[in-house]
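A quick write-up on the structure given underneath.
None of these values were measured; they are calculated from a predicted model. Atoms within each ligand, like the ligands themselves, are counted from 1 in listed order.
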Amino acid sequence: MLGRRLISTISHQPYPFSRIEEYAENGEALEVQLDGLDRARIDEVKTGVLNRFSAFIPFEKGKASCSLGEGDTPLLEADPSLKKDAGIENLWIKDETRNPTGSFKDRGSLLCLWMAEEMGESVLATVSTGNMGHSTAAYAARSGKRAIVFVPEFAPMEKIMPMAFYGGRVYRVQAHSYAEMKDRALKTASQCGIRLVTGNGPIRCEGYKFLSFELYEQFQGQIPDYIALPVSACGHVRGIFKGFRELMEAGFISRLPKMVVVQAAQNAPIVQAIQSESGEILPFPVRPTVAEAITSTNPPGGSEIVEKTKTYHWLAETATEAEIIDAHRKLARGGFFVEPSSATVLPALRKLSANGQIPRDARVVIVLTGSGMKDLSLLSQSARDIHTIGLEELEKVLTKNE
Ligand SMILES: *Cc1c(COP(=O)(O)O)cnc(C)c1O
């Protein structure tokens with residue numbers, strides 16, 4: 001296997017690969033650095049992206065067990081109405097809702113599980129309000145490990161009950177804020193020598209980068225111009241970009257796509273920092289949004305994203321509540337039932353294409369990050385469109401012309 005270590009993402013300080021904490025002492029995010037990627041090859045005859053791109057995995061080959069069938073998700077051309085709505089003709093959809101627990105988090109959970117295996121750890125611990133805990137609990141169950149999930153007290157029971165149903169230990173933690181709770185949980189776990197993973201950890205990102213390898217294959221070696229996705233803890237966006245950086249290092253591609261960082265206007269600390277003079281991330285006030293899955297008010301390690309936006313000319317945009325609700329429905333009417341958080345990308349692209357930041361003919365991919373099945377809160381109006389009928393009315397409704 002290639003030499004490997006962790007490095008901090010801004011000042012490039014090295015850390016041992018086995019480091020339990022997910023951040024450097026100065027708060028910077030960490031990423032995995034692999035030696036010898038310039039010689040990495042794709043094993044084209046194998047099935048499954050993890051097998052074809054195994055040279056890019058920072059773990060011993062052959063350990064690759066406990067998959068639940070994550071990844072290898074479809075890339076679909078958007079229909080004309082979505083293209084029109086986004087103002088982009090060459091629009092593609094990467095459907096991550098097809099992952100085993102309904103979100104891209106599964107790609108990262110598998111790699112975190114391999115990390116735990118290699119380090120001889122029997123617990124998978126995380127802090128989550130939803131998808132991350134769900135995914136962690138599933139992979140713990142799959143591998144016979146114990147899941148410990150800390151959730152904020154405000155997390156809705158419907159979202160957290162499945163974690164317990166998988167057999168995970170779920171604790172609702174009373175605290176003044178989610179940020180405070182996350183901070184304390186990370187510190188306490190570090191003192192106890194327990195690896196507690198968050199959405200922006202270096203090993204999760206190793207799983208997320210496989211989406212880029214899939215896009216590379218699905219576009220037959222061509223690289224999209226832009227990839228738009230909802231951003232919260234920041235692990236997903238940097239993981240996907242890292243995949244393209246590694247493909248370039250290995251000599252497979254000669255340019256990088258630009259990422260489009262999208263947040264709900266109600267909770268946009270990263271977009272605000274990108275658009276500000278200083279580039280500094282200011283903690284956002286806690287405000288409700290229908291895009292509940294993307295509500296990190298002060299994401300640890302987020303400065304990396306602000307820096308990368310400058311260096312690589314990424315774009316950033318927000319979506320209002322009304323825009324998210326509208327896009328959520330439009331995506332459903334286009335055949336895609338997503339979480340409200342995933343719907344933020346559509347209005348964001350519309351604004352960026354309208355003001356010329358994205359050219360009309362650019363090849364753009366939107367990542368649908370999570371399935372709508374877990375968050376039905378916006379669907380109650382649909383009850384109006386459901387009618388109760390008697391048996392004698394079956395023919396009438398079948399032949400009704402509207
Ligand atoms: C976690 C999550 C996000 C945000 O990803 P980060 O890696 O936290 O930036 C977006 N959408 C959904 C559905 C998620 O579960």
Checking Phe59 against Arg4 for the side chain to side chain contact (heavy atoms under 4.5 Å, CB included) test, could you report, in this order, the C-alpha distance in whole Å, the side-chain angles of both residues, the deciding distance, and whether it holds? CA-CA 9 Å; Phe59 297 106; Arg4 51 180 196 172; 4.0 Å; yes
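No salt bridge links Lys145 with Glu121; every basic N to acidic carboxylate O contact stays at or beyond 4.0 Å. Salt bridge annotation for Glu31-Lys209: absent, with no cationic side-chain nitrogen under 4.0 angstrom from a carboxylate oxygen.
Between Phe337 and His328, the ring planes lie tilted relative to each other; the angle falls in the 30° to 60° range.
To the nearest 0.5 Å, atoms CG (Asp38) and CD (Glu249) are separated by 6.5 Å.
Each of Phe104, Lys105, Asn131, Gly199, Pro230, Val231, Ser232, Ala233, Cys234, Gly235, His236, Ile294, Glu339, Ser341, Thr369, Gly370 has a non-hydrogen atom positioned under 4.0 Å from some atom of ligand 1.
The number of heavy-atom neighbours closer than 6.0 Å to CZ of Phe165, taken from other residues, nucleotides and ligands shown, is 12 or below.
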